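See structure below.
In this text, all values refer to a predicted model and were calculated from it rather than measured experimentally.
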Amino acid sequence: MNILEEASRCLLCADAPCSKSCRNGDPARAVRAVRFGNQAIARQFVKDCREEDLAAAEESCIHPDRPIRIREMVKALPEVTPRPLPSLEIDFCGLHCENPFFLASSAVCTNYEMVSRAFDAGWAGVFYKTICKQEIREVSPRFDAVYVKGRHGDFFGFRNMEQLSENPEDMDFDILRRLKQDYPSKIVIASIMGQNEEEWTELARQAEAAGCDAVELNFSCPQMRQAGMGCDVGQDPELVTFFTAYVKRSVNIPVIPKMTPNITHISEPGMAAFFGGADAISAINTIKSITLGDGSEVSGSQTGSGYSGRAVKPIALRHILSMVLHPMIKGIHFSGVGGIETWKDALEFIQVGCRNVQVCTAVMQYGYRIIDDLVAGLQNYMADKGVENLSDLVGGRLPQFQLPSDLDRTTIVYPKFEAAKCIGCHLCRLVCPVGAISSSKRVVKQV
């Protein structure tokens with residue numbers, strides 16, 4: 001049995017029946033650990049379970065198809081040896097963060113209760129839902145998931161038509177004030193969007209007066225009703241420079257422009273933000289897209305809007321890399337956003353130069369609880385590699401990147417096949433009938 005495939009079948013229930021039926025462990029937590037890339041440490045959650053405990057857990061599984069094979073999964077898990085784990089503390093544009101994991105400005109952080117729940121769970125900070133001076137009225141439905149047929153709960157892409165916070169600005173700034181008072185060790189960042197110099201600077205001053213640690217400038221929302229806002233600004237380097245500089249002169253807290261991916265060369269507005277005095281850059285916001293799923297119509301009409309989820313991660317990494325490696329953008333921090341679901345995803349953003357990461361779609365899909373596996377996975381990776389400080393991982397993969405013209409053209413990598421695992425489906429012959437793959441009588445040869 002492939003335990004990763006089996007874990008992906010799990011519904012990841014809240015208050016899971018399998019764990020409620022298990023007297024000496026938490027099998028649901030073990031399965032969740034496997035699902036989110038922590039296979040190596042999953043056994044710790046079931047180390048005291050007896051056979052009858054696991055049998056009861058498996059019997060209580062409510063999966064509509066067939067129960068998760070908990071007993072077989074547990075047998076396949078490696079033993080875990082307790083060991084000290086390093087801290088994930090890291091500084092981001094002068095702010096000391098308990099870990100690099102933040103909520104992205106989105107539907108997962110639109111009020112006090114949502115953010116406080118996330119803070120209690122272990123998230124280090126929040127980029128609060130974007131505050132503006134316009135009256136926001138959302139459409140319904142405004143979300144549309146893209147998933148493998150028959151697996152509605154496991155979507156790999158997510159389109160949303162959300163705009164900005166629907167709350168009055170005074171209400172949002174009061175929420176941010178209370179959050180910072182109640183959670184002084186957490187990082188509270190206000191995301192704002194103005195329509196002109198006066199709105200940008202006034203909102204930034206209100207954020208600073210509310211006690212916010214920093215302000216994020218939303219130059220990137222792809223679905224604003226009014227021209228001259230959102231990604232219209234992010235696509236104009238001159239406006240990026242002007243509005244960044246206006247805000248920077250008006251407040252004493254860090255200023256963090258958020259870049260749009262809906263542009264050919266993101267390094268151009270990135271450089272503009274740098275010249276405007278930005279302390280850090282967030283990237284990316286959602287990608288303009290069209291989906292035709294069940295939730296794509298609003299009263300019979302459709303439109304393009306923002307796409308997120310695990311499918312956009314390679315695009316987000318490419319945009320981050322183009323700014324990090326740009327020779328004119330130096331001495332500035334980066335916050336990575338886009339498709340982050342597991343600690344391995346987060347690590348990739350860190351290794352290309354980000355000092356923190358923001359998560360949205362995975363929280364919408366699995367809840368704030370994923371912070372457990374994000375933290376545990378990154379800590380255990382650092383322990384395995386002997387890394388004591390998270391900052392030592394920042395930009396660690398940058399020396400590997402070269403231009404396509406500079407890559408080694410002398411090497412040849414041949415495919416390898418495990419003949420013992422061949423089941424004789426002959427799919428390899430179907431997709432590559434004249435290639436190097438040979439399959440006959442359930443034997444696969446390496447050529």
Side-chain angles (χ1 to χ4, degrees), residues 1-13 18 27-28 30-43 46 54-55 57-59 61-79 144-159 289 291-294 307 309-315 317 339-345 347-348 361-362 365-366 373 377 407-409 411-447:
M1 180 185 65
N2 185 316
I3 64 172
L4 296 177
E5 291 181 0
E6 192 68 10
S8 70
R9 291 182 52 243
C10 180
L11 301 176
L12 301 176
C13 302
C18 61
V31 174
R32 179 154 58 93
V34 174
R35 169 63 182 80
F36 290 106
N38 283 321
Q39 179 178 339
I41 63 172
R43 182 176 280 275
V46 289
L54 299 176
E58 191 169 313
E59 185 176 347
C61 178
I62 61 173
H63 195 286
D65 181 14
R66 64 182 186 277
I68 304 301
R69 292 176 288 174
I70 295 174
R71 285 174 289 182
E72 290 184 59
M73 287 189 66
V74 170
K75 289 177 183 178
L77 294 175
E79 296 291 339
D144 186 28
V146 182
Y147 48 82
V148 177
K149 185 176 180 180
R151 294 175 63 181
H152 289 227
D154 185 21
F155 51 80
F156 55 82
F158 193 77
R159 184 188 66 105
S289 62
T291 58
L292 300 175
D294 296 338
Y307 191 64
R310 71 182 77 145
V312 311
K313 185 185 72 171
I315 300 170
L317 287 169
I340 298 167
E341 186 171 291
T342 71
W343 66 268
K344 293 178 182 178
D345 300 327
L347 176 64
E348 291 178 7
T361 305
Q365 190 170 3
Y366 304 111
D373 282 296
L407 293 176
D408 184 0
R409 306 278 171 177
T411 58
I412 300 176
V413 178
Y414 293 98
K416 295 181 179 180
F417 306 95
E418 296 184 62
K421 293 184 178 181
C422 174
I423 60 174
C425 70
H426 298 298
L427 184 60
C428 57
R429 295 176 61 186
L430 178 66
V431 300
C432 190
V434 294
I437 298 175
S438 174
S439 178
S440 178
K441 295 183 181 180
R442 299 184 63 169
V443 175
V444 180
K445 299 179 181 179
Q446 180 183 347
V447 179

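- Between Leu77 and Val34 the shortest side-chain heavy-atom distance falls below 4.5 Å.
- One finds the CG atom of Leu11 at 6.5 Å from the CD1 atom of Ile68 (value rounded to the nearest 0.5 Å).
- In this structure, Asn38 and Trp343 have side chains that are in contact, with non-hydrogen atoms separated by less than 4.5 Å.
- At a threshold of 4.5 Å between non-hydrogen side-chain atoms, the residues Gln365 and Arg310 count as touching.
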> For Tyr307 and Val312, what are the C-alpha separation, side-chain angles and deciding distance, and is it a side-chain contact (heavy atoms from CB on, under 4.5 Å)?
Replying inline: CA-CA 8 Å; Tyr307 191 64; Val312 311; 3.7 Å; yes

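- Using a 4.5 Å heavy-atom threshold, the side chains of Gln39 and Leu4 count as touching.
- Closest heavy-atom contact between Pro314 and Ala311: CD-O, 3.7 Å.
- Taking OG of Ser8 as the reference point, atom CD1 of Ile3 lies at 11.0 Å (rounded to 0.5 Å).
- The residues Glu72 and Lys75 are annotated as not salt-bridged, no charged nitrogen and carboxylate oxygen being separated by less than 4.0 angstrom.
- Put simply, the side chain of Thr361 does not reach to within 4.5 Å of the side chain of Phe156, judged on heavy atoms.
- Taking 4.5 Å as the limit, every side-chain heavy atom of Pro78 sits out of range of all side-chain heavy atoms of Ile41.
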>> Go through it in stages, so that I can follow the logic: the residues are Glu58 and Arg69, the test is salt bridge (charged side-chain N to carboxylate O under 4.0 Å, His left out), and I'd like the CA-CA distance, side-chain angles, deciding distance and then a yes or no.
In response: CA-CA 7 Å; Glu58 191 169 313; Arg69 292 176 288 174; over 6 Å; no

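- Remark: the backbone N or O of Arg9 is paired with a side-chain donor or acceptor of His63 at under 3.5 angstrom.
- Applying the side chain to side chain donor-acceptor pair (under 3.5 Å) test to Ser289 and every residue at least two apart in sequence or in another chain returns nothing.
- The side-chain heavy atoms of Ile70 and Cys18, taken from C-beta on, include a pair separated by under 4.5 Å.
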>> Run the side-chain contact (heavy atoms from CB on, under 4.5 Å) test on Lys313 and Ile340 for me, step by step, so that the C-alpha distance in whole Å, both residues' side-chain angles and the decisive distance to 0.1 Å come before the verdict.
In response: CA-CA 7 Å; Lys313 185 185 72 171; Ile340 298 167; 5.5 Å; no

>> Please determine whether salt bridge (charged side-chain N to carboxylate O under 4.0 Å, His left out) holds for the pair Arg35 and Glu5, giving the CA-CA distance in whole Å, both sets of side-chain angles, and the decisive distance to 0.1 Å.
In response: CA-CA 9 Å; Arg35 169 63 182 80; Glu5 291 181 0; over 6 Å; no

> Should Tyr366 and Asp373 be marked as a side-chain contact (heavy atoms from CB on, under 4.5 Å) after you check the CA-CA gap, both sets of side-chain angles, and the distance that decides it?
Replying inline: CA-CA 12 Å; Tyr366 304 111; Asp373 282 296; over 6 Å; no

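- Within a 6.0 Å sphere centred on CD1 of Ile62, heavy atoms belonging to other residues, nucleotides or ligands number 12 at most.
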